Amino acid sequence: MTFGAAAPLVLAALSGGDIFRIVVAAAVAFVLLKVGMKVLGGFARPVPAPPDPGELRRVRMTYRCSICATEVRMTQANDEVPEPPRHCMEDMDLVTSPYDD
């Protein structure tokens with residue numbers, strides 16, 4: 001008999017024979033383990049592949065954070081109208097027009 005199969009019997013003997021509590025505790029531990037693994041797995045996203053050389057487009061856009069007024073100028077992007085960067089956990093506001101040259 002392996003340790004994994006003998007563990008419930010040892011726990012039952014040490015707890016005074018209250019099998020119901022052991023089963024409930026094992027079920028709760030299993031559910032917590034599964035939920036924890038799913039949450040941690042959600043953080044493990046693969047890094048996107050870098051774009052091919054020459055695929056980036058020249059842009060000239062300025063963004064401003066509406067919370068702290070930090071400004072960022074974007075000079076290259078993989079799209080003509082890229083998504084705004086995030087700062088202070090919020091999307092930044094576009095200050096310049098993406099169509100101005």
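Remember, it's a predicted structure, so these values are computed and weren't measured experimentally. Numbers here are sequence positions counted from 1.
Between Val95 and Tyr63, the shortest heavy-atom contact is CG2-C, 4.1 Å.
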I would like to know whether Thr75 and Arg60 meet side chain to side chain contact (heavy atoms under 4.5 Å, CB included); could you show each step before the answer? CA-CA 5 Å; Thr75 58; Arg60 187 176 173 157; over 6 Å; no
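Here the CE atom belonging to Met92 is positioned 6.0 Å from the OG1 atom belonging to Thr70, to the nearest 0.5 angstrom.
The hydrophobic cluster around Met37 extends to Leu33, counting ILVMFWY residues whose side-chain heavy atoms fall within less than 4.5 Å of a member.
The side-chain hydrogen bond (donor to acceptor under 3.5 Å, both in side chains) contacts involving residues 84-95 comprise Arg86-Asp91, where partners must be two or more places apart or lie in separate chains. Within the structure, salt bridge (Lys or Arg N to Asp or Glu O under 4.0 Å) pairs that include any residue of residues 62-72 comprise Arg64-Glu71 (at least two apart or interchain).
Take Val24 and apply the side chain to side chain contact (heavy atoms under 4.5 Å, CB included) test, not counting sequence neighbours, and it matches Phe20, Val28. Scanning for side chain to side chain contact (heavy atoms under 4.5 Å, CB included) contacts around Gln76 gives Leu56, Arg58, with sequence neighbours left out.
Met74 has its side chain within reach of Pro85: a pair of non-hydrogen atoms, C-beta onward, lies under 4.5 Å apart.
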